[in-house]
Amino acid sequence: MDELDQLNPQQHKAVTADDGQVLVLAGPGSGKTRVLTYRAAYLIRKKGVPPYNILAVTFTNKAASEMKTRLESLVNEPVRDIWLGTFHAMCARLLRREAQYLPFTSNFVILDSDDQQTLVKRALRELNIDEKVHRPASIHAAISFAKNNLQGPRDLPNRSYRDEIVIRVYERYEQLLVENNGVDFDDLLMLAVKLLRENSEVCCKYARRFEHVLVDEFQDTNVVQYELLRLLSSQHHNLYVVGDEDQSIYRWRGADYRNVLRFEKDYPRCHKILLEENYRSTQNVLDVARSVIDRNANRTRKKLFSERGAGNPILLYEAADDRSEAGFVVETIQQWLQAKKAQGGDYAIMYRTNAQSRLIEEAFLAAGLPYRLVGAQRFYGRREVKDIIAYLRLAQNPKDELSLVRVVSVPPRGIGDKTILNLQQLAQNAGLAPGEVLLDLGRKGSDSPYWEAFGGRSSRLLADFGSLLDEWNRSIDKVSLPALFDRIVTDIGYQRYLENSGDEDQERWGNVVELRRLAFEYQEQGLTPFLENLALVSDQDTLPEQSNVPTLLTLHAAKGLEFSRVFIVGLDEGLLPHSRSRDDPEEMAEERRLFYVGITRTKDQLYLVRADRRSSFGEFEFSQPSRFLDDIPDKLLKREGARAVRRTTYSWNSFSSTPVPTTTRPPAEAKPLPEPRYRAGMRIRHAGWGEGMVIDSRVQDDGEEVLDVAFESVGLKRLLASLAKLEILQK
DNA sequence: AAGGCCCTTCTTTTT
DNA sequence: GAAGGGCCTT
């Protein structure tokens with residue numbers, strides 16, 4: 001462990017801290033995760049703690065596997081038996097092991113958010129509650145909130161009709177979960193805590209085992225997770241947490257950065273260590289970050305500093321609309337790539353909402369530039385992927401009614417709504433899951449007691465499907481996961497089904513093949529770990545391996561990552577901060593932290609981008625600059641774009657025909673501008689795009705000349721004269 | 001039973 | 001501007 005020498009004094013102090021409770025408060029880029037990894041290595045190598053006795057909790061699976069790799073290289077040998085993973089994965093593991101104490105069997109399924117929503121809707125319908133008045137999403141949010149506070153239906157206040165509804169839906173929802181042999185995300189945590197609380201034997205078993213508990217991203221733990229940590233460290237009391245209040249961005253999921261304060265209160269003898277030196281960003285980036293975050297209250301002020309020097313100024317580009325916002329991003333990247341001053345992997349484009357990625361993707365596609373998009377939803381949310389996963393889930397857990405209903409007519413097999421309804425009612429009366437009735441029909445055919453309940457045709461069809469299901473279910477332990485996968489896909493004729501379903505069938509089949517590839521990676525571990533992983537993948541986990549292309553991601557997904565050159569787009573009121581946060585100071589503070597997280601991902605160059613108009617709803621709407629921009633001192637910003645050149649745009653609205661100038665900002669500073677080299681009407685040649693005609697040329701405040709050129713090959717492009725190598729063909 | 005069409009209704013962030 | 005729900009036809 002000579003590697004300890006590579007740490008700065010603060011980091012060294014943190015890594016070698018004594019046993020007991022340790023709170024490491026660390027600014028962005030200060031080597032937080034590094035400290036955590038070194039701490040684990042230090043415990044193993046210097047303190048002789050067996051990995052078996054260590055529990056390390058990270059925020060994503062990706063972070064976990066990276067930590068494991070780094071840990072192994074630090075201690076120079078494979079690290080087995082350590083528990084290293086996310087809260088959810090860790091709880092799933094614990095619950096499967098201890099399933100005997102639960103109303104579930106150990107092959108329980110983890111429901112995704114769609115499933116959860118479906119169950120809530122079913123509960124609402126059964127209880128005859130109007131979905132228009134009581135939105136499933138909002139009821140589900142209330143249930144989730146309760147679970148995150150360790151409250152069951154009967155622990156909730158019942159003071160209004162609305163309370164009453166939440167309680168009744170919650171109760172039915174819980175029953176439905178048990179009937180499906182399924183748990184939701186919140187249950188994973190809540191059931192684990194309940195088990196540890198109520199069963200001291202089980203609690204002791206784990207608390208004895210985990211001599212050391214290490215936690216990353218502690219600021220984003222919620223009440224349940226906090227309690228879980230308390231219980232798991234209740235024997236040895238060695239709890240080591242690392243976090244940064246300023247980067248807490250999951251309040252809406254129950255996370256509470258005040259857990260940091262609570263930690264100090266609950267463990268008054270805890271050792272508190274600050275890491276303030278930033279190894280990532282230039283001082284300019286840090287100064288901008290600080291000007292934004294210092295407006296928040298309730299935090300340990302950290303004086304972030306960097307030895308990297310001031311660096312480049314931060315660029316603020318104000319585009320006319322969201323299309324040209326996307327155009328600016330892609331063209332800027334393209335120019336730097338062509339000038340060989342940067343490479344694709346240096347870049348990240350961050351945004352508040354997933355919907356914003358669309359225009360940017362389109363701009364990348366139009367420019368013929370590759371990119372990668374972070375987001376599990378993109379792949380796992382696809383219909384074909386969900387279909388196959390549902391079949392696998394059903395094979396593993398025939399009680400999974402949600403999956404059964406999903407796949408029963410995909411591809412169509414003559415079983416319709418009416419028959420399914422009959423099946424469900426019959427099953428309910430028999431005290432079974434529909435899947436179990438189906439299995440019985442499949443095995444016994446016309447000898448099954450349920451055969452008579454359906455018309456002859458329906459009985460036959462159900463029995464056929466039931467016997468397929470039976471075969472899949474039996475083969476789980478006999479054949480490999482890829483073999484089971486292939487068998488299901490063949491048995492249901494999925495490829496032919498896709499081909500007959502028309503458009504996009506190639507792409508769809510491609511996704512099925514990709515899912516099969518993933519299944520192949522799990523052939524050693526088998527179906528249950530595979531399904532569990534599918535349920536618990538985080539967006540970051542789906543980040544394709546380094547391919548040196550720009551990355552598109554939400555600000556949330558950017559947490560814990562770093563990039564040389566970062567664009568944060570959509571810096572408009574209503575988007576960042578998001579309109580849903582407008583009325584709540586706590587939420588507004590969180591939007592600010594979110595912006596802060598984005599800024600501090602930057603190593604070298606930060607671009608802040610916004611647009612005067614953007615289409616939300618399919619309609620254009622005018623937008624105002626984000627209030628957060630006002631908090632950045634002018635001297636740290638270099639302005640570009642429509643506003644910077646004082647091009648007045650006019651807005652119109654339905655109330656008045658009078659044009660309203662929307663340009664309000666004074667120019668950064670008034671000084672004579674150099675003459676443009678290019679004029680409208682010139683014919684030019686570009687190295688990549690060939691010949692084109694200059695449509696517009698203007699010089700910005702900073703002296704950069706910006707051209708709009710119509711190319712014969714690729715159409716209209718905006719470029720910087722200083723970067724693009726242009727040849728003037730005709731004046 | 002199944003597929004197609006038009007209607008609304010939203011749109012934060014995600015384990 | 002997409003996705004789901006309801007209603008229609010075959």
Side-chain angles (χ1 to χ4, degrees), chain A residues 57-64 85-92 110-114 116-118 121 125 131-132 135-138 141 144 147-148 183-190 217 220-222 224-225 248-255 350-359 362 374-377 380-381 383 408-421 455 457-458 461 500-502 532-542 553-559 570 574-582 584 587 590-591 593-595 597-598 615-620:
Chain A
V57 189
T58 57
F59 203 69
T60 65
N61 293 304
K62 182 166 164 270
T86 64
F87 272 108
H88 288 87
M90 169 186 99
C91 290
I110 301 168
L111 302 197
D112 66 26
S113 2
D114 281 356
Q116 295 172 34
Q117 182 105 338
T118 307
K121 278 188 196 162
R125 267 172 219 168
E131 289 174 46
K132 293 263 153 58
R135 305 243 162 238
S138 122
S144 177
K147 288 188 175 188
N148 280 319
V183 302
D184 65 19
F185 292 128
D186 305 315
D187 281 343
L188 288 172
L189 306 173
M190 187 181 71
E217 308 281 10
D220 277 320
T221 52
N222 60 28
V224 195
Q225 290 163 338
S248 172
I249 53 175
Y250 286 96
R251 195 182 107 90
W252 47 276
R253 217 164 74 183
M350 302 175 187
Y351 35 80
R352 179 65 177 86
T353 69
N354 283 303
Q356 290 171 261
S357 75
R358 224 193 79 243
L359 279 177
E362 281 174 11
V374 178
Q377 202 49 25
Y380 295 104
R383 201 168 68 216
V408 74
S409 19
V410 179
R413 45 174 71 87
I415 302 171
D417 294 347
K418 196 91 184 224
T419 310
I420 295 169
L421 207 63
R457 193 180 105 90
S458 294
L461 292 167
N500 293 337
S501 71
E532 179 164 312
N533 222 275
L534 293 181
L536 297 179
V537 277
S538 73
D539 273 354
Q540 274 190 16
D541 298 332
T542 63
L553 74 180
T554 62
L555 287 162
H556 282 90
K559 183 163 90 157
L575 216 43
L576 185 64
H578 196 272
S579 51
R580 311 266 291 219
S581 316
R582 195 172 28 204
D584 183 341
E587 291 198 12
E590 178 144 315
E591 296 290 306
R593 292 193 291 268
L594 196 50
F595 185 32
V597 166
S615 62
S616 68
F617 246 146
E619 301 280 302
F620 264 121

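In what follows, chains carry the letters A, B, and so on, assigned in the order in which the sequence lines appear, proteins first and then strands, with residues in each chain numbered from 1.
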| request: Given ring-ring contact (aromatic ring centres under 6.0 Å, His included), test F59(A) with Y250(A) step by step and report yes or no. | output: CA-CA 11 Å; F59(A) 203 69; Y250(A) 286 96; 5.2 Å; yes
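Legend: residues meeting salt bridge (charged side-chain N to carboxylate O under 4.0 Å, His left out) with D186(A), ordered by chain and number and at least two apart, are absent. Residues passing the ring-ring contact (aromatic ring centres under 6.0 Å, His included) test with H578(A): none are found, sequence neighbours excluded. In terms of the side-chain hydrogen bond (donor to acceptor under 3.5 Å, both in side chains) criterion, Q117(A) has no residue partners (sequence neighbours excluded). For the side-chain hydrogen bond (donor to acceptor under 3.5 Å, both in side chains) test, no residue two or more places apart in sequence or in another chain qualifies with D417(A).
Side chain of K418(A), nearest nucleotide from dG1(C), dA1(B), dT11(B): dA1(B). Comparing dA1(B), dT15(B), dT11(B) by their nearest atom to the side chain of R457(A) picks out dA1(B). In the set dT11(B), dT13(B), dT15(B), the nucleotide with an atom closest to the side chain of F185(A) is dT15(B). Nearest nucleotide to the T86(A) side chain, out of dT15(B), dT13(B), dA2(C): dT15(B).
Put simply, CH2 on W252(A) is 8 Å from C1' on dT15(B), counting in whole angstrom units.
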All N/O pairs under 3.5 Å across the protein-nucleotides 2-7 of chain B interface:
{"residue": "dA2(B)", "atom": "OP1", "partner": "R413(A)", "partner atom": "N", "Å": "3.4"}
{"residue": "dA2(B)", "atom": "OP1", "partner": "G414(A)", "partner atom": "N", "Å": "2.7"}
{"residue": "dA2(B)", "atom": "OP2", "partner": "I415(A)", "partner atom": "O", "Å": "3.1"}

Filtered N/O pairs between nucleotides 5-7 of chain C and protein, under 3.5 Å:
{"residue": "dG5(C)", "atom": "OP1", "partner": "K121(A)", "partner atom": "NZ", "Å": "2.9"}

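Residue R135(A) is classed as a sugar-phosphate contact, given heavy-atom separations below 4.0 Å to backbone atoms only. Backbone-only contact: T419(A) has heavy atoms under 4.0 Å from sugar-phosphate atoms and none from a base.
Using a cut-off of 4.0 Å between Lys/Arg side-chain N and Asp/Glu carboxylate O, D220(A) and R251(A) are scored as not salt-bridged. Taking the charged nitrogens against the carboxylate oxygens, E131(A) and R125(A) do have a contact shorter than 4.0 Å, which makes a salt bridge. A salt bridge between E362(A) and R358(A) is present, with a side-chain N of the basic residue lying under 4.0 Å from a carboxylate O of the acidic one.
If you find the closest nucleotide of DNA chain B to E591(A) and to T60(A), the one lying nearer the 5' end belongs to E591(A).
Between S113(A) and Q116(A), the side chains place no donor N or O within less than 3.5 Å of an acceptor N or O (distance only, hydrogens not considered).
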